[in-house]
Every structure is written in C-alpha cells, then in structure tokens.
A.B. asks: 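Mind having a look at this structure? Questions to follow.
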Amino acid sequence: MKIGYPCINETLPCSSATTFRLASYSEERLIQAVTNNLACLQQILEFNVQHGLLFFRMSSDLVPFGSHPVNTFNWQDYFKPTFAAIGQYIKQNNLRISMHPDQFVVLNSPTEHIVQNSFAELAYQCAIMDLMELNKSAKLQIHAGGVYGDKPNAIMRFADAVQVLPDNIRARLVVENDDRSYSLQDCLEIHERTNIPILFDNFHHECLNNGEPMAEALRLAAQTWQPEDGILMIDYSSQSPGDRKGKHIAHIQLDLFREFLTHLQDLDVDIMLEIKDKEASAVQALALLRELGYVPATEPVL
DNA sequence: GCGTGTCAAGTGAAA
DNA sequence: TTTCACTTGACACGC
C-alpha cells in the first residue's frame with residue numbers, strides 16, 4: 001500500500017505547473033517553463049521519498065500547451081534525458097505514478113473535434129510516462145464523459161473511442177467513477193466493453209451508487225486490474241462539512257479515514273488523497289497507516 | 001509590489 | 001440564462 005497526493009506540494013517553494021498565456025507563446029518561453037517544471041517535479045518526488053509518500057499524481061501542466069497545435073517544438077527529444085532521469089528516480093524509489101487529464105478530455109463527446117483534442121491530450125500525457133520509461137502500472141485516469149441524455153449510446157461511443165487508441169495509451173488508461181453521471185456499475189459496463197481497469201473513488205461512490213456497500217464496491221473495482229496494471233488505485237476523500245454536496249474536505253478527517261480502511265479487509269490498494277491541503281494530510285494519513293500496520297513503520301531506504 | 005480579471009479546451013447541475 | 005465546479009491556481013495587466 002502506498003499513499004500520496006495530487007500535483008502540488010505546498011511545502012516546497014516551487015511549482016511543477018508553471019505556464020503562460022497562449023498569446024505569449026514562444027519556444028524560449030516553453031523551454032523555460034518545462035525546465036522549471038521538471039526541476040520542481042524532481043524536488044517534489046525527493047520530498048515524497050523522504051516523507052514516505054510513494055504515490056504521486058503528476059500535473060497535467062508539465063509541458064504547457066502539450067497538446068495544442070501552437071506547440072510544434074520537439075520537447076520530447078529536447079527533454080528526453082531529463083524525463084529519463086526522473087523516471088529512473090521513480091523506479092529506483094519504487095514510486096507509483098498517475099496523471100489525471102482534465103475535464104476537457106471527453107472520449108465520448110458527439111463532437112468529433114472534441115474527441116480528436118482528447119486523443120491529442122492523452123497522447124501528450126502518455127508520452128511523458130513513456131519518456132520516463134515507466135511500466136503500465138503508471139496510469140492515466142479519466143472520467144467516462146458526458147451522458148447527452150442517452151447513457152447506453154454514450155458508453156458505446158466511449159468504448160469505440162478506446163478501441164481506436166494506440167496500444168501504449170490504452171494500456172495506461174483507467175476509468176474513474178464520478179459523482180453524478182457514471183457510477184461504479186456504469187464503469188463496470190465500460191470495463192466489460194473495453195477491458196480497461198476502474199479507478200475507484202470512494203467519495204464519488206458515496207455520492208452516486210447502486211447500493212453496493214463500500215467493501216463490495218472496492219472488491220468489484222479491484223477485479224478489473226490485471227497484474228501488469230499494478231494494484232488497485234483509489235481516490236480517497238470525504239465531504240466538506242456544511243459545503244455543497246461533492247465538495248472535497250480541506251483537511252483529512254482521520255476517524256473517517258480509519259473507518260474507510262476497515263472496508264479494505266485484505267485488499268491492497270494505492271491511495272490518492274484528494275484533499276485540499278495536500279501533503280499535510282498525506283503525512284498524517286501515512287502515520288495512521290503505519291500505526292495500524294498497513295505500511296511498515298520503517299523509513300524507506302534512501 | 002499588489003489586486004484581480006482571465007486563461008485552450010467540456011459538461012451538467014445549481015443559482 | 002448564467003455561473004460554478006471539476007484532480008490542481010497561476011499569469012499578466014493595471015494601478
């Protein structure tokens with residue numbers, strides 16, 4: 001079991017998501033931003049290793065305009081050694097990595113250019129993991145997309161889109177249950193049609209489900225992962241008290257987290273904390289996991 | 001320097 | 001009809 005947090009480290013004085021406006025695009029600006037972002041990513045990963053946080057979601061913004069037509073620079077070749085070095089660090093320290101293409105990636109959109117843009121974005125993010133020479137357990141997690149008033153057809157379009165993806169992208173793709181459109185059951189249907197694993201989000205499942213108890217839901221999701229995919233990845237969060245339904249909590253509530261862990265039973269998972277204060281909560285969660293024996297109490301070898 | 005409107009991109013619920 | 005939220009704020013202009 002590994003635990004981690006997404007994209008941003010609030011302790012370190014750097015960002016791995018620096019960008020700039022499309023209007024001010026230049027090759028020089030791009031190189032500057034990517035150089036900065038990768039240097040910061042390396043720092044974040046070192047922080048994570050030092051703190052025992054072995055699961056990390058990389059920012060989608062490592063390469064600004066990574067899938068935009070304006071970006072004709074061959075950043076893949078230019079930064080190949082840097083990506084490879086970071087990948088080496090990831091593998092040496094046994095880190096688990098994911099990325100989460102944003103809401104604009106909609107494989108089942110009825111609009112052709114939106115699907116094409118989505119393919120380009122997936123290709124960009126997959127290229128980063130490929131350049132790092134990470135194996136297929138490094139995943140790209142996306143949502144199923146829109147419903148458009150006809151979910152069965154929307155699911156069919158999603159499956160058709162997955163079929164035409166290049167092998168390297170399809171091998172990394174996982175689908176996450178969301179909090180208002182595609183439940184775990186819907187994702188299971190997508191899995192049956194596409195064979196891609198389901199990334200299980202406990203909080204979304206609490207918002208939208210078909211009555212499966214948490215332990216059962218976890219078991220169903222875990223069954224969709226093959227050995228080469230690695231162990232089940234989950235997103236963990238809980239409701240922000242007094243806020244709109246679906247709003248993520250600002251800081252981990254350890255009693256709720258402890259209760260959630262009881263549903264795992266013997267299941268091994270890697271947990272991504274989708275919690276506002278990032279590594280602060282992750283460090284606390286890790287301490288609890290060590291106390292409860294889910295994670296060895298010893299520090300990782302540096 | 002600091003405050004703040006806006007930023008490449010989609011969808012659907014809430015206001 | 002418009003705004004807001006989404007895995008994540010940061011850029012860049014105007015004062």
A.B. asks: Can you see whether A/S183 engages A/N210 through a side-chain donor-acceptor pair at a distance of less than 3.5 angstrom?
C.D. replies: yes
A.B. asks: Which pairs, protein N/O on one side and nucleotides 11-15 of chain B N/O on the other, fall under 3.5 Å?
C.D. replies:
unit_1: B/dT11; atom_1: OP1; unit_2: A/S109; atom_2: OG; d: 3.0
unit_1: B/dT11; atom_1: OP1; unit_2: A/Y148; atom_2: OH; d: 2.6
unit_1: B/dT11; atom_1: O2; unit_2: A/R180; atom_2: NH2; d: 3.4
unit_1: B/dG12; atom_1: OP1; unit_2: A/V147; atom_2: N; d: 2.7
unit_1: B/dG12; atom_1: OP1; unit_2: A/Y148; atom_2: N; d: 3.0

A.B. asks: Assess, by modelled atom type and distance only, whether the side chains of A/N37 and A/D61 contain a donor and an acceptor separated by less than 3.5 Å.
C.D. replies: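 A/N37 vs A/D61: no donor-acceptor pair found between side chains.
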A.B. asks: Just to verify, what does A/C207 make a disulfide (SG to SG under 2.5 Å) with, not counting sequence neighbours?
C.D. replies: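 With neighbours one apart ignored, the set is empty.
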A.B. asks: Can you tell me how far P of B/dG10 sits from CD of A/E112, to the nearest Å?
C.D. replies: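 Going from A/E112 (CD) to B/dG10 (P), I get 14 Å.
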A.B. asks: Would you tell me whether A/E176 and A/H100 have side-chain atoms, one donor and one acceptor, within less than 3.5 Å of each other?
C.D. replies: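 Note: A/E176 and A/H100 side chains meet the donor-acceptor criterion.
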A.B. asks: What interatomic distance, in whole Å, is found between P of C/dT7 and the corresponding atom of B/dC7?
C.D. replies: 23 Å
A.B. asks: Looking only at atom C1', what distance separates B/dG3 and C/dC6, rounded to whole Å?
C.D. replies: 26 Å
A.B. asks: Compute whether any side-chain donor of one residue and acceptor of the other, for A/Q42 and A/E46, lie under 3.5 angstrom apart.
C.D. replies: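 A pair is found: one side chain offers a donor N or O, the other an acceptor, under 3.5 Å apart.
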A.B. asks: Without decimals, in angstroms, what is the distance between A/H143 NE2 and B/dG10 P?
C.D. replies: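 Result: 17 Å.
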A.B. asks: List for me each residue that meets side chain to side chain donor-acceptor pair (under 3.5 Å) alongside A/S26, sequence neighbours excluded, and say none if there are none.
C.D. replies: none
A.B. asks: Earliest and latest nucleotide of DNA chain C, 5' to 3', sitting under 4.0 Å from a non-hydrogen atom of chain A?
C.D. replies: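 Contact boundaries, 5' end first: C/dA5 to C/dA12.
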A.B. asks: Are A/S137 and A/E228 close enough that a side-chain donor and a side-chain acceptor fall under 3.5 Å?
C.D. replies: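 No, no side-chain donor-acceptor contact under 3.5 Å.
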A.B. asks: If the C1' atom of C/dA5 is compared with that of B/dA9, how far apart are they to the nearest Å?
C.D. replies: 16 Å
A.B. asks: Is it true that the side chains of A/E112 and A/Q116 contain a donor and an acceptor less than 3.5 Å apart?
C.D. replies: yes
A.B. asks: Any luck finding a side-chain donor-acceptor pair between A/N36 and A/T18 under 3.5 Å?
C.D. replies: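 Yes.
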A.B. asks: Tell me whether A/F104 and B/dG10 count as stacked here, given that the ring centres must be under 5.5 Å apart and the planes must differ by less than 30 degrees.
C.D. replies: no
A.B. asks: Hey, could you give me each pair passing side chain to side chain donor-acceptor pair (under 3.5 Å) that has a residue in residues 152-164 of chain A? Not counting sequence neighbours.
C.D. replies: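 As it turns out, the side chain to side chain donor-acceptor pair (under 3.5 Å) pairs with a partner in residues 152-164 of chain A, which skip direct neighbours, are A/D150-A/N153.
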A.B. asks: Show the numbers, then the answer: is there a salt bridge (Lys or Arg N to Asp or Glu O under 4.0 Å) between A/E189 and A/K151?
C.D. replies: CA-CA 11 Å; A/E189 187 180 336; A/K151 191 180 280 182; over 6 Å; no
A.B. asks: What residues form a ring-ring contact (aromatic ring centres under 6.0 Å, His included) with A/F257, not counting sequence neighbours?
C.D. replies: A/Y236
A.B. asks: With ILVMFWY side chains joined below 4.5 Å, transitively, what does A/V106's cluster contain besides itself?
C.D. replies: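 In the cluster with A/V106 are A/I114, A/Y148.
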A.B. asks: For nucleotides C/dC13 and B/dA8, find the distance between their P atoms and express it as a whole number of Å.
C.D. replies: 12 Å
A.B. asks: Do A/S67 and A/E121 have side-chain atoms, one donor and one acceptor, less than 3.5 Å apart?
C.D. replies: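 Yes, a side-chain donor-acceptor pair sits under 3.5 Å.
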A.B. asks: Pull out every residue in residues 191-209 of chain A that has a heavy atom closer than 4.0 Å to any atom of DNA chain B, ordered by number, or say none.
C.D. replies: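 Going residue by residue through residues 191-209 of chain A, none turns out to have a heavy atom under 4.0 Å of DNA chain B.
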A.B. asks: Could you provide the dot-bracket string of DNA chain C, using ( ) for intrastrand pairs, [ ] for crossing pairs and | for bases paired to another strand, with Watson-Crick or G-U pairs below 3.5 Å?
C.D. replies: ||||||..|||||||
A.B. asks: Name the nucleic acid region contacted by A/E121, choosing base, sugar-phosphate or nothing; use a 4.0 angstrom heavy-atom cut-off, strictly under.
C.D. replies: base
A.B. asks: Pairs under 3.5 angstrom, nitrogen or oxygen only, protein versus nucleotides 4-7 of chain B, please.
C.D. replies:
unit_1: B/dT6; atom_1: O2; unit_2: A/R21; atom_2: NH2; d: 3.0
unit_1: B/dC7; atom_1: O2; unit_2: A/R21; atom_2: NH1; d: 3.4
unit_1: B/dC7; atom_1: O2; unit_2: A/R21; atom_2: NH2; d: 3.4

A.B. asks: Between A/D229 and A/K136, does at least one N-O distance fall below 4.0 Å, as a salt bridge requires?
C.D. replies: no
A.B. asks: Will you find, in the side chains of A/Q284 and A/H251, an N or O donor that is under 3.5 Å from an N or O acceptor?
C.D. replies: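 Yes, A/H251 and A/Q284 have a side-chain donor paired with an acceptor closer than 3.5 Å.
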A.B. asks: Are A/Y294 and A/D268 close enough that a side-chain donor and a side-chain acceptor fall under 3.5 Å?
C.D. replies: no
A.B. asks: Under 3.5 Å, is there a donor-acceptor pair between the A/Q43 and A/N9 side chains?
C.D. replies: no
A.B. asks: Could you check how far CG of A/N71 sits from P of B/dA9, rounded to whole Å?
C.D. replies: 16 Å
A.B. asks: Base, sugar-phosphate, or nothing: which does A/D178 touch, judged by heavy atoms less than 4.0 Å apart?
C.D. replies: nothing
A.B. asks: Just checking A/S60: base, sugar-phosphate only, or nothing, at a heavy-atom cut-off of under 4.0 Å?
C.D. replies: nothing
A.B. asks: Heavy atom of residues 24-38 of chain A under 4.0 Å from DNA chain C: which residues?
C.D. replies: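 Result for residues 24-38 of chain A: A/S24, A/R29, sorted by number.
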A.B. asks: Kindly write out the residues that satisfy salt bridge (Lys or Arg N to Asp or Glu O under 4.0 Å) with A/E291, not counting sequence neighbours, or none if the list is empty.
C.D. replies: A/R258
